[in-house]
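Note that the numbering runs from 1 along the sequence shown for the chain. All figures in this text were calculated on a predicted structure; none of them were measured in a lab. For ligands, and for the atoms within them, numbers begin at 1 and follow the listed sequence.
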Amino acid sequence: MHELGITQNIVAIVTEHAQGAKVQRVLLQIGKLSAIMPDAIRFCFDICSQGTVLEKAKLEILETPGLGKCCECGLEVPLEKPFGRCQCGSSQIDVIAGEELKIKEIEIEEVCV
Ligand SMILES: [Zn+2]
């Protein structure tokens with residue numbers, strides 16, 4: 001299960017960003033073609049965030065659909081898998097969206113000074 005390593009990475013990046021402040025919300029963007037299971041990330045997040053500034057943080061996951069572009073005719077093709085076939089019959093499709101894993105937003109508790 002490679003989601004555990006990915007989640008550990010995310011927790012490490014967010015922890016560094018928060019600089020000791022409590023994190024309230026993390027928004028992840030996960031592409032449908034990335035082969036990363038959002039449910040597995042959620043599960044690992046619960047484990048990985050324990051004892052860190054992310055412990056009570058809300059994890060939100062935004063799934064982005066797969067999109068490819070045909071190399072032959074330039075048509076954009078929605079993709080369920082990292083390969084497909086264009087209407088023109090070509091199977092030469094470049095994946096242009098849906099493989100990403102990004103930390104979109106991090107919400108940190110405001111500290112009153
Ligand atoms: Zn085409």
Side-chain angles (χ1 to χ4, degrees):
M1 189 163 75
H2 65 312
E3 277 86 357
L4 186 62
I6 293 166
T7 311
Q8 281 169 338
N9 246 331
I10 292 165
V11 169
I13 293 165
V14 176
T15 301
E16 199 182 311
H17 184 87
Q19 296 183 322
K22 283 240 183 275
V23 177
Q24 288 183 319
R25 192 173 72 96
V26 178
L27 176 64
L28 294 182
Q29 184 180 355
I30 299 177
K32 287 220 165 114
L33 306 180
S34 64
I36 299 164
M37 306 299 290
D39 283 349
I41 295 283
R42 274 182 227 278
F43 178 77
C44 296
F45 185 82
D46 281 348
I47 300 164
C48 295
S49 64
Q50 275 177 31
T52 74
V53 292
L54 283 83
E55 192 165 353
K56 293 277 179 340
K58 196 171 160 217
L59 180 70
E60 285 176 20
I61 295 174
L62 184 73
E63 281 187 87
T64 45
L67 189 67
K69 195 175 166 87
C70 176
C71 297
E72 295 293 327
C73 69
L75 197 77
E76 290 189 352
V77 188
L79 295 174
E80 287 294 320
K81 297 190 177 84
F83 50 86
R85 188 173 283 272
C86 176
Q87 287 174 2
C88 74
S90 169
S91 56
Q92 296 275 86
I93 292 175
D94 273 343
V95 176
I96 55 174
E99 287 183 314
E100 58 276 73
L101 169 69
K102 279 187 212 156
I103 302 171
K104 287 274 283 183
E105 286 173 37
I106 302 170
E107 235 177 74
I108 293 164
E109 197 178 62
E110 294 283 333
V111 183
C112 300
V113 196

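- The number of heavy atoms from other shown groups lying within 6.0 Å of CD (Glu80) does not exceed 12.
- Around the Zn ion (ligand 1), the two atoms SG of Cys88 and SG of Cys86 are separated by an angle of 110°, to 10 degrees.
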Only pairs under 3.5 Å count here: list side-chain donor-acceptor contacts from residues 35-47, not counting sequence neighbours, and write none if there are none.
none

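- Although no hydrogens or angles enter the test, the distance criterion places a donor-acceptor pair under 3.5 Å between the side chain of Glu55 and the main chain of Gly51.
- The angle Cys70:SG - the Zn ion (ligand 1) - Cys73:SG amounts to 110°, with values rounded to 10 degrees.
- Not a single N/O/S atom of Cys71, whether from backbone or side chain, sits less than 2.8 Å from the Zn ion (ligand 1).
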Please tabulate, for side-chain N and O atoms in residues 60-73, each donor-acceptor pair with protein atoms closer than 3.5 Å (sequence neighbours left out).
unit_1	atom_1	unit_2	atom_2	d
Glu60	OE1	Arg25	NH1	2.8
Glu60	OE2	Lys58	NZ	3.1

